[in-house]
Amino acid sequence: DGVVNAWNLSSSKCLFQFKGHVSAVTALRFVNDGRQLLSSGRDQVVHVWECSTGRALKTIPVFEFLDDIVTLEGDAVFPGCTAAGRVRGEACFVTAGAKGVLRVWTVGGKCLYSPGQATAVSQEETASGDAEEAT
């Protein structure tokens, strides 16, 4: 039904219903130390949710039916993301979908990489984590 439910495991009560997808949800990932939740689905969007309130923060169009989301944290380094998987303080994630295309995104909705285009972030930004976007 496109709804993601957040449960209190101690009381068995539903805390929030994350409503926004119009088709099946295919993947969930926590980012930003569990403060935000990413959800993806067959409706070609990723939603970014605030876990403490259940509020929708961002809807990111991703151009294809998604099968999975992978967050870039720890040792998963991509050009444009720091070793902590961040660009300008935003967490990064990868989408994989029905077309077999991998794209790298920030939770703010910026596509950092899509096959056939140059990366949108400079190497200097990778090192500093706070440089302006490359032109």
Side-chain angles (χ1 to χ4, degrees):
D1 64 359
V3 176
V4 176
N5 295 305
W7 295 89
N8 178 317
L9 298 179
S10 298
S11 68
S12 299
K13 294 187 179 188
C14 184
L15 300 173
F16 305 111
Q17 287 194 316
F18 301 101
K19 296 180 180 179
H21 288 285
V22 296
S23 65
V25 175
T26 57
L28 300 170
R29 295 290 180 268
F30 287 103
V31 294
N32 294 325
D33 298 322
R35 293 187 313 269
Q36 295 174 336
L37 177 70
L38 303 176
S39 64
S40 69
R42 306 301 287 168
D43 55 1
Q44 302 185 36
V45 296
V46 170
H47 290 288
V48 181
W49 307 94
E50 185 175 60
C51 291
S52 63
T53 64
R55 183 172 63 103
L57 299 175
K58 187 91 174 161
T59 300
I60 304 168
V62 294
F63 315 116
E64 67 177 318
F65 300 140
L66 291 182
D67 295 320
D68 203 1
I69 309 171
V70 176
T71 58
L72 294 177
E73 298 175 311
D75 294 333
V77 178
F78 182 83
C81 297
T82 65
R86 305 182 84 70
V87 170
R88 292 180 302 282
E90 292 185 317
C92 298
F93 64 96
V94 178
T95 57
K99 296 177 186 175
V101 176
L102 298 178
R103 291 185 174 92
V104 180
W105 305 84
T106 67
V107 294
K110 177 150 187 68
C111 184
L112 298 176
Y113 173 79
S114 183
Q117 75 178 43
T119 56
V121 179
S122 70
Q123 291 299 324
E124 291 80 24
E125 185 172 5
T126 301
S128 69
D130 61 0
E132 291 298 312
E133 223 178 90
T135 54

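Starting from 1, each residue takes its place in the sequence as its number. Every heavy atom of this structure was used, including side-chain atoms; hydrogens, water molecules and symmetry mates were not.
In this structure, CZ in Phe65 is found 14.0 Å from OG1 in Thr95, a value given to the nearest 0.5 Å. Taking CG from Leu66 and CG from Asp43, the interatomic distance works out to 8.5 Å, rounded to the nearest 0.5 Å. Between the OG1 atom in Thr106 and the CZ atom in Phe93 there is a gap of 7.0 Å [rounded to 0.5 Å]. Rounded to the nearest 0.5 Å, atoms CZ (Arg55) and CD (Gln36) are 9.5 Å apart. In this structure, OG in Ser40 is found 10.5 Å from CD in Glu64, a value given to the nearest 0.5 Å.
Counting only distance, with no hydrogens or angles, the side chain of Thr71 and the backbone of Val31 share no donor-acceptor pair below 3.5 Å. Listed for the Arg42 side chain is no donor-acceptor partner under 3.5 Å among the backbone atoms of Ser23. Looking at Asp33, its side chain never comes within 3.5 Å of a backbone N or O of Arg35 through a donor-acceptor pair.
Here the shortest heavy-atom pairing between Val107 and Val48 reads O-CG2, 3.6 Å. Smallest separation of non-hydrogen atoms from Gly41 and Thr26: CA-OG1, 3.6 Å. For the pair Gly34 and Cys51, the tightest heavy-atom approach, listed with the atom from each and the gap, is O-SG, 3.4 Å. Of all the heavy atoms in Asn8 and Ser11, the pair that sits closest is OD1-N, 3.0 Å.
Cluster membership check: Val25 shares its hydrophobic cluster with Leu15, using side-chain heavy-atom separations under 4.5 Å among Ile, Leu, Val, Met, Phe, Trp and Tyr. One hydrophobic cluster, built from ILVMFWY side chains closer than 4.5 Å, cannot hold both Val45 and Leu38; they sit in different ones. Under a hydrophobic clustering in which Ile, Leu, Val, Met, Phe, Trp and Tyr are joined whenever their side-chain heavy atoms come within less than 4.5 Å, directly or via other members, Phe63 and Val101 fall into different clusters. Residues Val3 and Phe30 fall into different hydrophobic clusters, defined by Ile, Leu, Val, Met, Phe, Trp and Tyr side chains chained together at heavy-atom separations under 4.5 Å.
Between Arg29 and Asp68 the shortest side-chain heavy-atom distance falls below 4.5 Å. In this structure, Ile60 and Trp105 have side chains that are in contact, with non-hydrogen atoms separated by less than 4.5 Å. Considering only heavy atoms from C-beta on, Val4 stays 4.5 Å or farther from Trp49 through its side chain. Phe18 has its side chain out of reach of Ser39: every pair of non-hydrogen atoms, C-beta onward, lies at least 4.5 Å apart.
Using cut-offs of 30° and 60° for the angle between ring planes, the His47 and His21 rings count as perpendicular.
For the 3.5 Å distance criterion, the side chains of Arg103 and Ser114 qualify, holding a donor opposite an acceptor.
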